[in-house]
There are 2 protein chains.
Amino acid sequence: MTAIKKTSTIQENKQYALAACPVTYVMERIGGYWKPIILYHLSHGDRRYSELRKAIPAITEKMLIQHLKQLETDQLVIREARPVVPPFVTYRLTDAGKGLLPVIDAMATWAMKNMEGAFS
Amino acid sequence: MTAIKKTSTIQENKQYALAACPVTYVMERIGGYWKPIILYHLSHGDRRYSELRKAIPAITEKMLIQHLKQLETDQLVIREARPVVPPFVTYRLTDAGKGLLPVIDAMATWAMKNMEGAFS
DNA sequence: CATGATACATACTTTGGGGTAAGTACTTGT
DNA sequence: ACAAGTACTTACCCCAAAGTATGTATCATG
C-alpha cells in the first residue's frame, strides 16, 4: 500500500483549528468531561483538594490533579499550598477563570432550554 | 486490597456528568474539533455539502458527514435533499442550532480577550 | 506499630474520536 | 467509453485521553 502520508495531518489540523477558531481555543482549556465541573465548583469560592474530591465523587484522583495542573498552567486557577504538617492546598479561580463563568452560564442556559424542549 | 470495582465506571461517569452538568450536555453536542466550525459556517445561512467542504478544506469527507449526521439527529441542523440528478443537498440551522450561537459568541469573546492577555 | 488522613505520582491498559484510503450510484460533457 | 462532479459509505488504523491500580511522604492518634 505504500504509505503516502507527508506529515502528521492531525497536528496540522490542530494548528488550523487553533488559529482559525476561538471556540477550539476555549475547548482546549475547558473541554473534557471534568474541567467545567471543577470550574463550577470553584466558582463558589476557593476549595481544598479534598473538598473537590468529595464534591465530585465520580472523578478519580488522577484525573482531578491532572486537570487541576492543566488549569493551573493555563492560568485559570491558582494553587496555594500551606507548608503545614498534613498538607493544606487550596485552589481558586484567576480573573481569566472567572471570565469563563459567563460562558458556562450561557451553555447551561441553552442546555436547560433544550432539555425542556423549548426548541422542539 | 482486592479490587472493589462494581460495574463500568466509564458509563456511570457519563451518566453522572450528563445528569448533573448541563455543560457536558452542550459538549456532547458541540464538542469535538469540527462541530463548532460547521455551526459557524452555517450561521451565515444555508449551505450545500460541497460548499461546506470548500469552506473547511482541512476536514475530511468522512468527518464532515459524520458530524452533519450527528448534528441532524441532535436537531441542530436540517438536511434538505432535492431529488435532482446531480444531488443537491443543503444544510441549515434549526432554532435550537441558532440558540447555540450566543454560546459560541461568548466563547469567542473570552478567547479573544484571553489571547490578547487581557487577564494577565 | 500500624492505621488513617492529606496531596499527590506513576506505570499500565483500554477506548473511542479522528484520520486514511478506497468504493458507490447516477448523470452530463467530450 | 470514460472522466468528472455530487453526496455519500465503509473498512481499517492510530493515538491521546481517560481509567485502573498502586505507591509515596509526613505526622497524629490509638
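Letters go in sequence order (proteins before strands), and every chain restarts at 1.
In the helix from dC1(C)-dG30(D) to dT30(C)-dA1(D), the terminal helix axes, each the rotation mapping four pairs' C1' atoms onto the next four within five end pairs, subtend 30°, rounded to 10°.
The hydrophobic cluster containing Phe88(B) does not contain Val77(B), counting ILVMFWY residues as joined when their side-chain heavy atoms lie under 4.5 angstrom apart, directly or transitively. Ile65(A) and Ile78(A) are members of different hydrophobic clusters when ILVMFWY side chains are connected at heavy-atom separations under 4.5 Å. The cluster map of Ile, Leu, Val, Met, Phe, Trp and Tyr, joined by side-chain heavy atoms under 4.5 Å apart, puts Val89(A) and Val85(A) in different clusters. Note: the hydrophobic cluster containing Tyr40(A) does not contain Val26(A) (ILVMFWY, side chain heavy atoms under 4.5 Å, direct or indirect links).
Using a 4.5 Å heavy-atom threshold, the side chains of Leu64(A) and Trp34(A) count as separate. Taking 4.5 Å as the limit, some side-chain heavy atom of Tyr91(B) sits within range of a side-chain heavy atom of Leu42(B). Residues Leu76(A) and Leu93(A) form no side-chain contact, since every pair of their non-hydrogen atoms from C-beta on lies 4.5 Å or further apart. A 4.5 Å side-chain heavy-atom check between Arg29(B) and Trp110(A) finds at least one atom pair inside the cut-off. Side-chain atoms of Leu52(B) and Leu68(B), non-hydrogen and from C-beta on, do get closer than 4.5 Å to each other.
For residues 80-91 of chain A, proximity to DNA chain C is found at Pro87(A), Phe88(A), Val89(A), Tyr91(A), defined as any non-hydrogen atom under 4.0 angstrom from a strand atom. For the contact set between residues 64-73 of chain B and DNA chain D, defined by any heavy atom under 4.0 Å, the members are Ile65(B), Lys69(B). DNA chain D is contacted by Arg48(B), Tyr49(B), Ser50(B) of residues 44-52 of chain B, taking any non-hydrogen atom closer than 4.0 Å.
In the set dA7(D), dT20(D), dG19(C), the nucleotide with an atom closest to the side chain of Lys62(B) is dG19(C).
In this structure, Arg48(A) has no salt bridge (Lys or Arg N to Asp or Glu O under 4.0 Å) partners at least two apart in sequence or on a different chain.
Counting to the nearest Å, the C1' atom of dA4(D) and the CZ atom of Arg53(B) are 12 Å from each other. One interatomic measurement links the two molecules: OH of Tyr33(B) to P of dG19(C), which rounds to 9 Å at whole-angstrom precision. Protein atom CD of Glu28(B) is 12 Å distant from nucleotide atom C1' of dG17(C), rounded to whole Å. Between the CZ atom of Arg29(B) and the P atom of dG17(C) there is a distance of 14 Å, rounded to whole Å. One can place CD of Glu61(B) at 14 Å from P of dG23(C), the figure rounded to the nearest angstrom.
Judged by distance alone, the side chains of Tyr49(B) and Glu61(B) do bring a donor and an acceptor atom under 3.5 Å apart.
Residue pairs meeting the salt bridge (Lys or Arg N to Asp or Glu O under 4.0 Å) criterion with at least one partner in residues 70-84 of chain A, sequence neighbours excluded, are Glu80(A)-Arg92(A).
Looking at Thr90(A), its side chain never comes within 3.5 Å of a backbone N or O of Arg47(A) through a donor-acceptor pair.
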